[in-house]
**Q** 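Have a look at this one before I ask anything.
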Amino acid sequence: MRRKMAAGNWKMNGLSANLAEVAAMNDAAKESDCDVLLCVPATLISAIDDAAPDVVTGAQDCHQNVSGAHTGEISAEMICDAGAEYVILGHSERRADNGETDKCVHEKTNAAWAAGLKAIVCVGETLDQRKSQNTLDIIGGQLATSIPDLATGENLVVAYEPVWAIGTGLTPTTDQIGEVHDFIRMRLERRFGEGVGRSVRILYGGSMNPKNVSEIAVVSNVDGGLVGGASLRATDFIPIIKTLS
Ligand code: 13P
């Protein structure tokens, strides 16, 4: 049985003043039957790790190199050292803003694993790609190239995030979500074998909120959510945690 996961991605939001929100989320996490994860700006990892012992902390990116002359970058080991257990890699905003390719995500995933972090590798199609019926080809290519060979159910989570659903209030139909999640599961099983393929969690992300979480949560092969805007406030995120528990 895969344990459900309610993961928040705070993106470039959050100051120490927001720790009060996290205290309320921690209470919900303590009572929940799912993993509750907050991927926060690097500046907050250590504070949230201290303030919220029942919430698992994560980062939103790491560099592919172990150390060196890369001004402004943060290594996987540094993230781990700050108290994080997970790191989001290949988010579509980083692919768009920073030109990250599948090959780069592959290197970053290896760096994360070498440091002992678990990777949440993001895949997802643009609206044009969906309209031209290329969704599964795009997702298949992203999975094949972004994920290194040594994936396990412990070190990898896959997040399906349609680019057009992120921050827009739009969501795919539950049939569309199910089609992609079933496809991801099939590709994971084919590449890594049934045991590993069945144990990797697949999260849905893109405009998930307290209203739509209950119908998305029951879709085939949806093991939880990667939540942006609705993870910033306890009043939005706690109902999502409860629904996924
Ligand atoms: P929203 O939930 O704000 O659409 O963001 C989703 C996302 O990008 C999570 O990584």
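Here the structure is a predicted model, which means the values were calculated and not measured.
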**Q** Is there a side-chain contact (heavy atoms from CB on, under 4.5 Å) between Tyr86 and Met5? Walk through the geometry before answering.
**A** CA-CA 12 Å; Tyr86 283 84; Met5 175 181 270; 3.4 Å; yes
**Q** Is the number of heavy atoms from other residues, nucleotides or ligands within 6.0 Å of CD (Glu189) greater than 12?
**A** yes
**Q** A side-chain contact here means heavy atoms from C-beta on lying under 4.5 Å apart; do Asn65 and Glu73 qualify?
**A**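 When only atoms from C-beta onward are counted, Glu73 and Asn65 do not touch, as no gap falls below 4.5 Å.
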**Q** Gly90 and Val105: which non-hydrogen atoms are nearest, and at how many Å?
**A**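 Looks like CA-CG2, 3.5 Å.
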**Q** Is any side-chain heavy atom of Thr43 closer than 4.5 Å to one of Pro41?
**A**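 SC-SC contact between Pro41 and Thr43 confirmed.
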**Q** Would you say Leu143 and Val163 are hydrophobically clustered, going by side-chain heavy atoms of ILVMFWY under 4.5 Å?
**A**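 No, Leu143 and Val163 fall in different hydrophobic clusters.
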**Q** Mark yes or no for whether Ser231, through its side chain, and Gly228, through its backbone, hold a donor-acceptor pair below 3.5 Å.
**A**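 At least one qualifying donor-acceptor pair exists.
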**Q** Quick one: pull up CG in Leu170 and CG in Leu127 and give me the separation to the nearest 0.5 Å.
**A** 8.5 Å
**Q** Can a side-chain donor-acceptor contact be found between Thr126 and Asp128 if the only test is distance below 3.5 angstrom?
**A** no
**Q** So, Asp27 side chain and Ala24 main chain: donor-acceptor pair closer than 3.5 Å or not?
**A** no
**Q** Counting C-beta onward and ignoring hydrogens, is there a side-chain heavy-atom pair between Ser199 and Thr152 closer than 4.5 Å?
**A**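 No. Closest side-chain heavy atoms not under 4.5 Å.
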**Q** Would you kindly confirm whether Leu89 and Leu203 end up in one hydrophobic cluster when ILVMFWY residues are joined by side chain heavy atoms under 4.5 Å apart?
**A**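 No, Leu89 does not connect to Leu203 through the hydrophobic network.
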**Q** Testing Arg185, Arg201, His181 for side chain to side chain donor-acceptor pair (under 3.5 Å) with Asp223, which one passes?
**A**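 So the option named by the test is Arg185.
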**Q** Answer yes when Arg191 and Asp149 have at least one side-chain N-carboxylate O distance shorter than 4.0 Å, and no when they do not.
**A**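 Judged by the 4.0 Å cut-off on N to carboxylate O distance, Arg191 and Asp149 do form a salt bridge.
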**Q** Taking atom types as modelled, find out whether Glu161 and His91 have a side-chain donor-acceptor pair closer than 3.5 angstrom.
**A**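 A donor-acceptor contact under 3.5 Å links the two side chains.
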**Q** Show your working on side-chain contact (heavy atoms from CB on, under 4.5 Å) between Leu226 and Val157 and close with a plain yes or no.
**A** CA-CA 11 Å; Leu226 182 55; Val157 173; over 6 Å; no
**Q** Do you reckon Ile139 sits in the same ILVMFWY cluster as Tyr204, going by side-chain contacts under 4.5 Å, direct or chained?
**A** yes
**Q** Linking I/L/V/M/F/W/Y whenever their side-chain heavy atoms sit closer than 4.5 Å, directly or via other members, would Ile120 and Val55 fall into one cluster?
**A**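 Cluster IDs for Ile120 and Val55 differ.
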**Q** Any non-hydrogen side-chain atom of Ser214 less than 4.5 Å from a side-chain atom of Val218?
**A** no
**Q** Keeping the roles fixed (side chain from Gln60, backbone from Cys39), state whether a donor-acceptor pair exists under 3.5 Å.
**A**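 The answer is yes, because a donor-acceptor pair under 3.5 Å joins these two groups.
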**Q** Under 3.5 Å, is there a donor-acceptor pair between the side chain of Asn26 and the main chain of Asp54?
**A**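 Yes; judged by distance alone, with no hydrogens or angles, the pair exists.
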**Q** Using modelled atom types and a 3.5 Å cut-off, is there a donor and acceptor pairing between side-chain atoms of Thr57 and backbone atoms of Gly83?
**A** yes
**Q** Are the side chain of Asp236 and the backbone N or O of Arg233 linked by a donor-acceptor pair below 3.5 Å?
**A** no
**Q** Donor-acceptor pair, distance only, cut-off 3.5 Å: does the side chain of Arg2 make one with the backbone of Ile202?
**A** no
**Q** Determine, using the 4.5 Å side-chain heavy-atom cutoff (strictly less than), whether Val56 and Val22 are members of one ILVMFWY cluster.
**A**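 No: no chain of side-chain contacts under 4.5 Å links Val56 to Val22.
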**Q** For the side chain of Lys4 and the backbone of Ala217, is there at least one donor-acceptor N/O pair under 3.5 Å apart?
**A** yes
**Q** Give the intermediate values and the outcome of side-chain contact (heavy atoms from CB on, under 4.5 Å) for residues Ile184 and Val123.
**A** CA-CA 10 Å; Ile184 294 172; Val123 296; 4.2 Å; yes
**Q** Is Asp137 reaching over with its side chain to a backbone N or O of Asn134, donor-acceptor style, under 3.5 angstrom?
**A** no
**Q** Where do Thr173 and Asp175 land on the side-chain hydrogen bond (donor to acceptor under 3.5 Å, both in side chains) test, with the steps shown first?
**A** CA-CA 5 Å; Thr173 64; Asp175 282 353; 5.3 Å; no
**Q** Please tell me if the side chains of Val180 and Arg130 come closer than 4.5 Å, counting only heavy atoms from C-beta onward.
**A** yes
**Q** Flag yes if more than 12 heavy atoms outside Lys118 fall under 6.0 Å of its NZ atom; otherwise flag no.
**A**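 Buried by this count: over 12 neighbours within 6.0 Å.
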**Q** Just wondering, do Ile48 and Trp10 contact through their side chains at under 4.5 Å, heavy atoms?
**A**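 SC-SC contact between Trp10 and Ile48 confirmed.
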**Q** Using a distance-only test with no angle check, is there a side-chain donor-acceptor pair under 3.5 angstrom linking Ser146 and Asp102?
**A**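 Short answer, yes.
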**Q** Should Ile147 and Val158 count as side-chain neighbours, where that means a heavy-atom distance under 4.5 Å?
**A**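 They are in contact (side-chain heavy atoms under 4.5 Å apart), so the answer is yes.
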**Q** Apply the test side-chain contact (heavy atoms from CB on, under 4.5 Å) to residues Arg198 and Phe192: give CA-CA distance (whole Å), side-chain angles for both, the deciding distance (0.1 Å), then the verdict.
**A** CA-CA 9 Å; Arg198 280 189 192 161; Phe192 300 109; over 6 Å; no
**Q** May I ask you to decide if Thr135's main-chain N or O and Gln129's side chain share a donor-acceptor pair within less than 3.5 Å?
**A** no
**Q** Any heavy-atom pair between the side chains of Pro239 and Val213 that's under 4.5 Å?
**A** no
